[in-house]
Amino acid sequence: MPSTQLAVADRPLYGGAMTAAVPANFVDASQLREVPDHQEVFVDMTGESSMIVELLEAEDGDNVVMSAQRHYAQLADDNDATGPDARVVSVQEISAAQLPQALQQAKVALLVGVQRIAKFRERGEAAKNTVGIYLGIMHLPTVGTDVLVTFNQTIEVGSHSSSQHSVGGPADASAAFGQRGQSGQS
């Protein structure tokens, strides 16, 4: 039986300060458009998926699950996905035992959600795409930074969405997160 995991490649981030496993078919969005300095953005040129890595000022407090939920809620607000158009499927803190030794001081949470989003301010229910949101946040208290990784995967395209022509089938983002999470690399 063929593997459902994505082929990934380690990509340098922030001038080589760190690396991340990124789906091999994703391109660096900074080759296409301006990207803020605190972000690294990768896009699937053949579909409707993207991966964003952000370095953020560390939030106060130790509750990484609440941080993940706040970031998800902010993303939903940015996407105009309110009420039933934005739901959290699961959220969990990752135990220190599951983290590599170098990250034992980190707090990590993973959140999976679904949002119904219209692109380019398109209007109407039929224009909304169903998008899986896979969000990981890592509090790094020793450096005062949070690393936020968001993977967006179109699950279903609305019948009147401008995305109708561009989606050939979603990639398995959860497999990419699982594959990298098991390897213990950042």
Side-chain angles (χ1 to χ4, degrees), residues 1-9 11 20-29 32-33 35-36 39-54 56 64-94 108-138 146-182:
M1 177 174 268
S3 172
T4 60
Q5 290 194 333
L6 289 172
V8 295
R11 303 273 185 97
V22 176
N25 62 319
F26 280 35
V27 299
D28 183 341
L32 309 170
R33 63 175 175 85
V35 173
Q39 291 183 345
E40 296 280 351
V41 179
F42 299 91
V43 294
D44 180 357
M45 296 300 289
T46 62
E48 293 282 317
S49 297
S50 66
M51 179 177 166
I52 303 167
V53 179
E54 297 181 77
L56 305 170
V64 70
V65 168
M66 288 181 66
S67 288
Q69 291 170 326
R70 274 193 302 276
H71 285 289
Y72 181 81
Q74 180 62 55
L75 181 61
D77 186 58
D78 292 346
N79 288 333
D80 292 327
T82 58
D85 282 343
R87 66 181 174 88
V88 173
V89 175
S90 68
V91 62
Q92 66 179 7
E93 185 168 353
I94 305 303
V108 178
L110 298 176
L111 181 147
V112 176
V114 176
Q115 295 182 9
R116 295 207 2 97
I117 304 167
K119 291 178 72 171
F120 310 118
R121 305 287 183 211
E122 296 172 336
R123 297 287 173 215
E125 285 299 308
K128 291 182 180 179
N129 300 326
T130 303
V131 178
I133 309 289
Y134 305 86
L135 184 146
I137 186 163
M138 183 171 27
D146 286 349
V147 179
L148 179 67
V149 179
T150 309
F151 196 111
N152 305 293
Q153 172 190 16
T154 299
I155 298 168
E156 182 179 2
V157 177
S159 62
H160 289 96
S161 170
S162 60
S163 297
Q164 272 295 319
H165 68 280
S166 64
V167 178
D172 187 358
S174 58
F177 265 118
Q179 180 179 357
R180 185 50 57 178
Q182 292 169 4

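With sequence neighbours left out, the side-chain contact (heavy atoms from CB on, under 4.5 Å) criterion links V114 to R87, V89, T130. When the side-chain contact (heavy atoms from CB on, under 4.5 Å) test is applied to P84, no partner is found at least two apart in sequence or on another chain. D28 is linked by a side-chain hydrogen bond (donor to acceptor under 3.5 Å, both in side chains) to S30, counting only residues two or more places apart in sequence or in another chain.
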inquiry  = Evaluate L111 against H71 for side-chain contact (heavy atoms from CB on, under 4.5 Å), listing each step before the verdict.
reply    = CA-CA 10 Å; L111 181 147; H71 285 289; over 6 Å; no
task = Before giving the answer on side-chain contact (heavy atoms from CB on, under 4.5 Å), spell out for V43 and V27 the whole-Å C-alpha distance, their side-chain angles and the decisive distance to 0.1 Å.
result = CA-CA 5 Å; V43 294; V27 299; 3.8 Å; yes
request  = Give the intermediate values and the outcome of side-chain contact (heavy atoms from CB on, under 4.5 Å) for residues V53 and V22.
outcome  = CA-CA 10 Å; V53 179; V22 176; over 6 Å; no
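Between Q92 and V65 the shortest heavy-atom distance is C-CG2, 4.1 Å. When all heavy atoms of R116 and A81 are compared, the closest pair comes out as O-CB, 3.8 Å. Closest approach of G132 to I155, counting heavy atoms only: N-CD1, 3.4 Å. Of all non-hydrogen atoms in A68 and V91, the two that sit nearest each other are CB-CG2, 4.4 Å. Shown here for P23 and M51, the closest heavy-atom pair between the two residues is CD-SD, 4.1 Å. Closest heavy-atom contact between F26 and S49: CZ-CB, 3.6 Å.
Between the OG1 atom in T154 and the CG atom in D44 there is a gap of 9.5 Å [rounded to 0.5 Å]. To the nearest 0.5 angstrom, M138 atom CE is 12.0 Å from L56 atom CG. Separating the CD1 atom in I137 from the CD atom in Q69 is a distance of 11.0 Å, to the nearest 0.5 Å. Rounding to the nearest 0.5 angstrom, the gap separating the CG atom in L148 from the OH atom in Y72 is 13.5 Å.
A heavy-atom distance below 4.5 Å is found between the side chains of N152 and I133. Side-chain contact between V64 and V108 is absent, with no heavy atoms from C-beta onward closer than 4.5 Å.
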